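Treat the numbers as computed from the prediction; the structure is a model and nothing was measured. The figures here come from the full heavy-atom set of this structure, side chains too, leaving out hydrogens, waters and symmetry mates.
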Amino acid sequence: AALVIALSQLPAMLGVRGASGASFPAALATLVAGLPAAVPSTAAFGIAALAALLLARRAWPRAPGALAVSVAAIAVSAWTGYERVGPVVG
C-alpha cells in the first residue's frame, strides 16, 4: 500500500501526468514514460522538499518537520514567484 501511495504522489512531485486509478504496473509505466516531459523546476522543488522532510525527521525527530517544510515551501514559492515558472500543486 505504501508503494501505491508513493507512486500516486510522484507525478505531481516531478511535474508529469500520472495514471490515476490505474494498477501499480500501469501507473509505474505511465510515470516512466512521462519522465522525459518532467518539469525540471517542479522536480527540483519536490525533491528538495522531500530531502528537507527526511533531514528534519532525522535531525529533529520530535519537531513537526512536515509542517515546517510545508511552510518553508509555501514561503519560497511565494517569494520566488514560482507560479510563473512551473505548475503549483495544491
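The closest side-chain heavy-atom distance from Leu35 to Leu14 is below 4.5 Å.
Leu50 is linked by a side chain to side chain contact (heavy atoms under 4.5 Å, CB included) to Met13, Leu54, counting only residues two or more places apart in sequence or in another chain. Residues forming a side chain to side chain contact (heavy atoms under 4.5 Å, CB included) with Leu28 (at least two apart in sequence, or on another chain): Leu7, Phe24, Val32. Under the side chain to side chain contact (heavy atoms under 4.5 Å, CB included) criterion, Thr80 pairs with Val76, Tyr82, not counting sequence neighbours.
The two residues Ala56 and Gly65 make their nearest non-hydrogen contact at CB-CA, 4.1 Å. Of all heavy-atom pairs between Pro36 and Ala33, the closest is CD-O, 3.3 Å.
With values rounded to the nearest 0.5 angstrom, Ile47 atom CD1 is found 10.5 Å from Thr42 atom OG1.
Sorted by first then second residue, the ring-ring contact (aromatic ring centres under 6.0 Å, His included) pairs that include residues 59-81, not counting sequence neighbours, number zero.
Checking side-chain atoms of Ser77 against main-chain N and O of Ile74 turns up no donor-acceptor pair under 3.5 Å. At distances below 3.5 Å, at least one donor-acceptor pair connects side-chain atoms of Ser70 with backbone N or O atoms of Ala66.
With a 4.5 Å cut-off between side-chain heavy atoms of Ile, Leu, Val, Met, Phe, Trp and Tyr, the cluster of Val71 takes in Leu67. Listed by chain and number, the hydrophobic cluster partners of Leu53 are Val69, where partners are ILVMFWY side chains within reach of under 4.5 Å, directly or through others.
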